[in-house]
Amino acid sequence: MRRLRVGVMISGRGSNLQALLDACAAPDFPAEIVLVVSNRADAQGLARAKAVGVATRVVPHRDFASREAFDAAVTEAFEAVEAELICMAGFMRLVSAEFVQHWRDRLINIHPALLPAFKGLDTHRRALAAGAKEHGCTVHFVRHEMDSGPIVGQAVVRVLADDTADTLAARVLEAEHRLYPHCLRLIAEGRVRVRGEIAEIAGNGAPD
Ligand code: GRF
């Protein structure tokens, strides 16, 4: 079986990276992680990759004069290992228009809200403040406008009356860990086609 060659971009904890690593550990999973890039040397996620023998690379953003130069170094790192798809997993920097264009429809992100609601940061507190009854997470192809782009999959989490931002975040994070590998599988199996700003899913696109 040919496995899709995947690069992952992180900045921190890396729990979504862990979910992807765990999925890729199954011999019949149609993707493999060929490189993890972090912009921070202290990202906990780096140890998760190293623990299972996956290559890592730190590209410190402060070493570059511009966002474009940093992004170009990241692209070079992924191209050197022939990555075919890039997954952003808690990568906490905006990327340049050039980077988005270069990886168009080959770059996905996970966002902790049901897009297009609650783009940006602090999504769980804002969902509670808005009285949302359902919240969740979204995997989407990346476009230049932050937290926008064709939606590959979403998982819904019911908001409970006594939720705090932390309890809600914890349940959404569990949903993220199921959703991200599911969406990666859909793409790796060739079941996702982007037409305009819509991602069409062949077969059942709902999370397991
Ligand atoms: C997740 O909530 C993800 O949705 C958001 O950043 C967080 C990263 O967490 N983009 P982790 O580093 O994967 O644990």
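Each ligand, and each atom within it, is numbered from 1 in the order the structure gives.
Listed by atom number, the atoms of ligand 1 under 4.0 Å from Arg13 heavy atoms are 9 (O), 11 (P), 12 (O), 14 (O).
Heavy atoms of Glu176 found under 4.0 angstrom from ligand 1 belong exclusively to the side chain.
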Using distance only, find each side-chain donor-acceptor pair of residues 48-56 under 3.5 Å and give its atom names and separation, not counting sequence neighbours.
residue: Arg48; atom: NE; partner: Arg13; partner atom: O; Å: 2.8
residue: Arg48; atom: NE; partner: Gly14; partner atom: O; Å: 3.2
residue: Arg48; atom: NH1; partner: Gln18; partner atom: OE1; Å: 3.3
residue: Arg48; atom: NH2; partner: Arg13; partner atom: O; Å: 3.3

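When Ala89, Gly12, Ser15 are ranked by how near their heavy atoms come to atom 11 (P) of ligand 1, first place goes to Ser15. Proximity annotation for atom 13 (O) of ligand 1: of Asn16, Ile10, Asp147, Asn16 comes nearest, heavy atoms only. Which of Ser11, Ala19, Gly90 comes nearest to atom 6 (O) of ligand 1 through a heavy atom is settled by distance: it is Gly90.
Cation-pi contact between Arg93 and Phe70: present, with separation from the ring centre below 6.0 Å and deviation from the ring axis of at most 45°.
Ranking the protein heavy atoms by distance from atom 10 (N) of ligand 1 puts Ile110 O, 3.0 Å first.
Considering backbone and side-chain N/O atoms, Gly14 comes within less than 3.5 Å of an N/O atom of ligand 1.
Note on Arg104 versus Glu197: salt bridge recorded, some NZ/NE/NH1/NH2 to OD/OE distance being below 4.0 Å. Of the charged side-chain nitrogens involved, at least one lies within less than 4.0 Å of a carboxylate oxygen, so that Arg191 and Glu189 count as a salt-bridged pair. By the 4.0 Å N-to-carboxylate-O rule, Arg57 lies too far from Glu76 to be salt-bridged with it.
For the side chain to side chain contact (heavy atoms under 4.5 Å, CB included) test, residues two or more places apart in sequence or in another chain that qualify with Arg195 are Arg193, Glu200.
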